[in-house]
Q: 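Could you have a look at this structure, given as structure tokens, before my questions?
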Amino acid sequence: LTLGLNYAFTDATLIEDAPGAGGFAGDQLPGVAKQTYSLFADYEHTLTGELDLAVRLSHRYIDSRQSALGSGDVTAVAGFEFPSYNNTDLRVSLSHINGLEASLFANNIFNNIGITWVENVPTHTRMRITQPRIIGLNVGYRF
């Protein structure tokens with residue numbers, strides 16, 4: 001069993017006014033989350049002399065972010081704050097001594113949708129989001 005934790009605190013703010021960009025000292029830089037973290041657990045177990053099991057569970061958190069500095073620019077939506085979001089993935093794998101591997105995975109298990117960018121275009125505002133839940137099977141051969 002292997003457990004892991006990563007944490008980052010980023011205080012990305014202007015240290016002086018930027019009047020041309022509409023920003024003031026202390027404003028958070030756009031697109032930068034103050035806090036992020038990820039957790040993971042990896043478990044490996046021999047089932048038989050020929051078959052191994054591996055399980056990986058990972059979780060990520062991205063804090064809220066500002067969309068633009070000050071009043072924004074032509075494409076960025078000023079004053080919009082991207083909400084924080086979480087994402088959890090799971091993978092279960094079986095591998096055989098002959099090299100055959102099969103993995104069942106579920107990315108974004110809880111189908112949490114996070115907004116990653118917002119932009120204005122002449123006719124509307126569009127948003128980019130994280131991938132929705134994806135469930136799949138990988139089969140491979142290691143030689």
Q: Excluding sequence neighbours, so at least two apart, what forms side-chain hydrogen bond (donor to acceptor under 3.5 Å, both in side chains) with Gln131?
A: none
Q: Just jot down the side-chain hydrogen bond (donor to acceptor under 3.5 Å, both in side chains) partners of Asn86, sequence neighbours excluded, or say none.
A: His59
Q: Would you list the pairs meeting salt bridge (charged side-chain N to carboxylate O under 4.0 Å, His left out) in which at least one residue belongs to residues 120-129, sequence neighbours left out?
A: Glu119-Arg126, Glu119-Arg128
Q: Could you report the tightest heavy-atom contact between Asp63 and Ala33, atom names first, then the distance?
A: O-CB, 3.6 Å
Q: Listed by chain and number, what are the side chain to side chain contact (heavy atoms under 4.5 Å, CB included) partners of Ile135, not counting sequence neighbours?
A: Ala106, Arg133
Q: Taking only residues two or more places apart in sequence or in another chain, which ones pass side-chain hydrogen bond (donor to acceptor under 3.5 Å, both in side chains) with Thr116?
A: none
Q: Among the clusters formed by ILVMFWY side chains lying less than 4.5 Å apart, do Trp117 and Tyr85 turn up in the same one?
A: no
Q: In the structure I gave you, are the side-chain heavy atoms of Val139 and Leu100 within less than 4.5 Å of one another anywhere?
A: yes
Q: Please, which pairs that meet salt bridge (charged side-chain N to carboxylate O under 4.0 Å, His left out) have at least one residue in residues 88-105, sequence neighbours excluded?
A: Arg60-Asp89, Glu101-Arg142
Q: With sequence neighbours left out, write down each residue that passes side chain to side chain contact (heavy atoms under 4.5 Å, CB included) with Thr2, or none if nothing qualifies.
A: Phe40, Asp42
Q: Can you name the nearest heavy-atom pair linking Arg65 to Ile115, along with the distance?
A: NH2-O, 2.6 Å
Q: Using a 4.5 Å cut-off on heavy atoms from C-beta on, say whether the side chain of Val55 contacts that of Leu90.
A: yes
Q: Between the side chain of Ser64 and the main-chain N/O of Glu81, is any donor-acceptor distance below 3.5 Å?
A: no
Q: Taking the hydrophobic residues Ile, Leu, Val, Met, Phe, Trp and Tyr, and joining any pair whose side-chain heavy atoms are under 4.5 Å apart, which ones share a cluster with Ile134?
A: Phe105
Q: Do Asn112 and Asn87 come close enough that some side-chain heavy atom pair is under 4.5 Å?
A: no
Q: To the closest 0.5 Å, what do you measure between CG (Leu29) and OG1 (Thr13)?
A: 7.0 Å
Q: Listed by chain and number, what are the side chain to side chain contact (heavy atoms under 4.5 Å, CB included) partners of Ile97, not counting sequence neighbours?
A: Glu50
Q: Using side-chain hydrogen bond (donor to acceptor under 3.5 Å, both in side chains) as the criterion, list what pairs up with Glu44, not counting sequence neighbours.
A: none
Q: Whether the side chain of Tyr141 engages the backbone of Asn98 through a donor-acceptor N/O pair (distance < 3.5 Å, no angle test) should be reported.
A: yes
Q: Linking Ile, Leu, Val, Met, Phe, Trp and Tyr by side-chain heavy atoms under 4.5 Å, what else ends up with Tyr37?
A: Leu5, Tyr7, Phe9, Leu39, Tyr61
Q: To the nearest 0.5 Å, what is the distance between CZ on Phe24 and CD on Glu16?
A: 13.0 Å
Q: Would one find more than 12 heavy atoms of other residues, nucleotides or ligands at under 6.0 Å from atom CD1 of Ile15?
A: no
Q: Can Leu57 be reached from Leu53 by stepping across I, L, V, M, F, W or Y side chains whose heavy atoms are under 4.5 Å apart?
A: yes
Q: How long is the gap from OG1 on Thr88 to CG on Asn111, to the nearest 0.5 Å?
A: 11.5 Å
Q: Per the salt bridge (charged side-chain N to carboxylate O under 4.0 Å, His left out) rule, what does the pair list look like for residues 30-41, sequence neighbours excluded?
A: none
